[in-house]
**Q** 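Here it is, the structure, as structure tokens.
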Amino acid sequence: NNKGFSLQGYLIRPEKPSDVYIFGSHGYRSDGKGEWARYVKHYVYELGYNMFFIDHQSAGKSEGKYIGFSSFESKDGIDWLNFMLDTFGKDIKIILHGISMGSATVMLMSADEKLPENVKFTVADCGFTSALDEFSYKLESLKVPKFPVLPVVREINRRKVGYDFGRDTNALEAVKKAKVPMLFIHGGDDKFVPTYMGYLLYHECVTEYKDLLIVPGAGHAESYLVDPKAYQGKIDEFINKFI
């Protein structure tokens with residue numbers, strides 16, 4: 001990538017060749033294989049699509065010094081899409097699918113001016129509105145005063161790591177400029193990235209077609225485990241419309 005780090009990607013192909021590729025973006029403290037193993041059955045074996053997922057900076061087998069909470073990851077993500085076009089063909093169709101921090105990543109990618117037209121829609125599962133909002137929420141839930149902790153940490157991060165927790169991870173602003181149809185998914189019992197963030201992202205999204213699936217009883221990143229039928233059903237609806 002542009003920071004000089006070597007990043008790792010993985011490709012799983014179906015039995016019969018397909019021009020559809022899922023781009024998978026994993027969450028905080030996860031990695032490509034750990035996040036996407038459970039989705040292979042539906043995407044690859046049932047739908048017959050290719051799955052291309054990555055290890056973000058500082059995760060899995062990818063190099064890196066810091067996690068960017070979607071800031072670095074979304075820029076790398078656009079580079080990965082261009083790599084996919086160069087490697088797999090200029091006419092492929094791409095579905096973006098992100099979970100947690102990876103969800104914020106694909107939301108930022110969906111608003112990027114450099115987003116290739118090959119991207120047909122985005123699945124944003126349990127993403128935060130911004131890393132700043134997420135940290136504020138965590139401090140509140142721990143009953144830790146936000147001031148002076150948050151401004152100090154934000155400034156240290158900006159100087160040392162090179163991005164701003166608010167401005168550079170702002171998925172809420174991104175969905176106001178989204179260029180593709182968006183499917184938002186959130187667990188109804190998510191206490192880590194609170195469910196209201198999913199409602200807010202859906203509400204503020206300006207794209208011509210959008211939908212929201214709230215899975216009752218699902219905690220953070222558990223929607224697929226709790227109700228795979230509903231989860232797959234919504235994705236299949238988007239596939240029928242846009243692929």
**Q** If you compare all heavy atoms of Leu115 against all heavy atoms of Met109, which two are closest, and at what distance to 0.1 Å?
**A**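 What the structure gives for the nearest pair is CD1-O, 3.3 Å.
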**Q** Which atoms form the tightest heavy-atom contact between Lys177 and Val206, and what is the distance?
**A**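 Of all heavy-atom pairs spanning Lys177 and Val206, the closest is N-CG2, 4.0 Å.
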**Q** Count the heavy atoms belonging to other residues, nucleotides or ligands that lie under 6.0 Å from NZ of Lys138, then report whether that count exceeds 12.
**A**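 More than 12 within 6.0 Å, yes.
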**Q** What I want to check is whether the side chains of Asn157 and Tyr66 have a donor and an acceptor closer together than 3.5 Å.
**A**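 Per modelled atom types, Asn157 and Tyr66 side chains form no pair under 3.5 Å.
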**Q** Are the side chain of Glu73 and the backbone N or O of Gln57 linked by a donor-acceptor pair below 3.5 Å?
**A**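 Answer holds: no.
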**Q** Is Asp55 paired with Lys61 through a side-chain N to carboxylate O contact shorter than 4.0 Å?
**A**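 Asp55 and Lys61: not salt-bridged.
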**Q** Verify the distance criterion only: is there a donor paired with an acceptor across the side chains of Ser70 and Thr169 at less than 3.5 Å?
**A**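 The criterion, which ignores hydrogens and geometry beyond distance, is not satisfied for Thr169 and Ser70.
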**Q** Can you label the angle between the His56 ring and the His26 ring as parallel, tilted or perpendicular, going by 30° and 60°?
**A**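 His56 and His26: tilted rings.
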**Q** Going hydrophobic residue to hydrophobic residue with side-chain gaps under 4.5 angstrom, can you get from Tyr196 over to Phe192?
**A**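 Tyr196 and Phe192: one cluster.
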**Q** Please work out whether the ring planes of Trp80 and Phe83 are parallel, tilted or perpendicular, with thresholds of 30° and 60°.
**A**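 Because their plane-to-plane angle is over 60°, the rings of Trp80 and Phe83 count as perpendicular.
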**Q** When clusters are formed by joining ILVMFWY residues with side-chain heavy atoms under 4.5 Å apart, either directly or through shared neighbours, do Phe72 and Ile54 land in the same one?
**A**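 Cluster IDs for Phe72 and Ile54 differ.
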**Q** Could you walk me through whether Asp227 and Lys229 satisfy the salt bridge (charged side-chain N to carboxylate O under 4.0 Å, His left out) test, starting with their C-alpha distance in whole Å, then the side-chain angles of each, then the deciding distance to 0.1 Å, before giving a yes or no?
**A** CA-CA 5 Å; Asp227 196 346; Lys229 233 178 195 168; over 6 Å; no
**Q** Side chain of Asp211, backbone of Phe184: donor and acceptor closer than 3.5 Å?
**A**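 Answer holds: no.
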**Q** Is Val152 reachable from Leu142 through a run of hydrophobic residues whose side-chain heavy atoms are each under 4.5 Å from the next?
**A**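 Different clusters.
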**Q** If you draw a 6.0 Å radius around NZ in Lys241, do more than 12 non-hydrogen atoms from other residues or ligands fall strictly inside?
**A**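 Not buried by this count: 12 neighbours or fewer within 6.0 Å.
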**Q** Please check if the distance between the ring centroids of Tyr209 and Phe238 is under 6.0 Å.
**A**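 Yes, they do, as the ring centres are separated by less than 6.0 Å.
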**Q** Checking the side chain of Asp125 only, and the main-chain atoms of Gly98 only, is there a donor and an acceptor separated by less than 3.5 Å?
**A**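 Here the side-chain-to-backbone pair does not exist.
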**Q** Tell me whether the centres of the aromatic rings in His186 and Tyr202 are closer together than 6.0 Å.
**A**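 Centroid separation for His186 and Tyr202: 6.0 Å or greater.
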**Q** Are the side chain of Glu35 and the backbone N or O of Gly27 linked by a donor-acceptor pair below 3.5 Å?
**A**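 Yes; judged by distance alone, with no hydrogens or angles, the pair exists.
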**Q** How long is the span from the CD1 atom in Ile235 to the CG atom in Asn240, to the nearest 0.5 Å?
**A**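 Spacing of CD1 (Ile235) from CG (Asn240) equals 12.0 Å.
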**Q** For the backbone of Cys205 and the side chain of Lys210, can you confirm whether one donor and one acceptor N or O come within less than 3.5 Å of each other?
**A**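 Looks like yes, one N/O pair under 3.5 Å.
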**Q** Per the salt bridge (Lys or Arg N to Asp or Glu O under 4.0 Å) rule, which among Lys90, Arg13, Lys93 passes with Asp19?
**A**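 Answer to the salt bridge (Lys or Arg N to Asp or Glu O under 4.0 Å) test with Asp19 among Lys90, Arg13, Lys93: Lys93.
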**Q** Counting heavy atoms not belonging to Phe242, are there more than 12 under 6.0 Å from its CZ?
**A**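 It does: Phe242 CZ has more than 12 such atoms within range.
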**Q** So, Gln232 and Tyr224: side-chain donor and acceptor under 3.5 Å apart, yes or no?
**A**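 Yes, because at least one side-chain N or O of Gln232 sits under 3.5 Å from a partner of the opposite role on Tyr224.
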**Q** Nearest 0.5 angstrom please: Glu204 CD to Leu172 CG, how far?
**A**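 Answer rounded to 0.5 Å: 5.5 Å.
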**Q** I need the minimum non-hydrogen distance between Leu132 and Gly166, along with the two atoms involved.
**A**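 The pair with the smallest heavy-atom distance is CB-CA, 3.7 Å.
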**Q** Under 6.0 Å between ring centres, would you say that holds for Tyr49 and Tyr43?
**A**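 Ring-ring flag for Tyr49/Tyr43: false, centres at least 6.0 Å apart.
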**Q** Of the non-hydrogen atoms in Asn170 and Ser130, which two are nearest, and what is the gap between them?
**A**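 Closest pair (atom of Asn170, atom of Ser130, distance): CA-CB, 3.9 Å.
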**Q** State plainly whether one hydrophobic cluster holds both Ile78 and Val180, where clusters connect Ile, Leu, Val, Met, Phe, Trp and Tyr through side-chain heavy atoms under 4.5 angstrom apart.
**A**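 Ile78 clusters together with Val180.
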**Q** What about the rings of Phe69 and Tyr28, do their centers lie closer together than 6.0 Å?
**A**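 Phe69 vs Tyr28: aromatic centres under 6.0 Å.
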**Q** Check Val123, Ile22, Val119 against Leu96 for a side-chain contact (heavy atoms from CB on, under 4.5 Å) and give me the one that passes.
**A**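 In the set Val123, Ile22, Val119, the residue that makes a side-chain contact (heavy atoms from CB on, under 4.5 Å) with Leu96 is Val119.
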**Q** Measuring centre to centre across the rings, with the benzene-like ring taken for any Trp, is Phe23 within less than 6.0 Å of Phe53?
**A**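 No: the rings miss the under 6.0 Å criterion.
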**Q** Looking only at the side chains, is there a donor atom on one of Asp190 and His220 sitting less than 3.5 Å from an acceptor on the other?
**A**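 Their side chains do contain a donor-acceptor pair, which is all the 3.5 Å distance test asks for.
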**Q** Please confirm whether the ring centroid of Phe52 lies under 6.0 Å from the ring centroid of Tyr21.
**A**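 Between Tyr21 and Phe52, which both carry aromatic rings, the centre distance is not below 6.0 Å.
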**Q** For the residue pair Ser25 and Gly102, what are the closest heavy atoms and their distance?
**A**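 Nearest pair, atom of Ser25 first, then Gly102: OG-CA, 3.1 Å.
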**Q** Count the heavy atoms of every other residue, nucleotide or ligand shown that sit under 6.0 Å from CG of Asp91, and state whether that count exceeds 12.
**A**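 Result for CG/Asp91: open.
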**Q** Judged by atom type as modelled, is there a donor-acceptor pair below 3.5 Å linking the side chain of Ser62 to the main-chain atoms of Gln8?
**A**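 Yes, Ser62 side chain to Gln8 backbone: donor-acceptor pair under 3.5 Å.
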**Q** Please name the pair of heavy atoms, one in Ile99 and one in Cys126, separated by the smallest distance, quoted to 0.1 Å.
**A**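 So the two residues come closest at CG2-SG, 4.0 Å.
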**Q** Leu108 and Phe128: same hydrophobic cluster, using ILVMFWY side-chain contacts below 4.5 Å?
**A**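 Different clusters.
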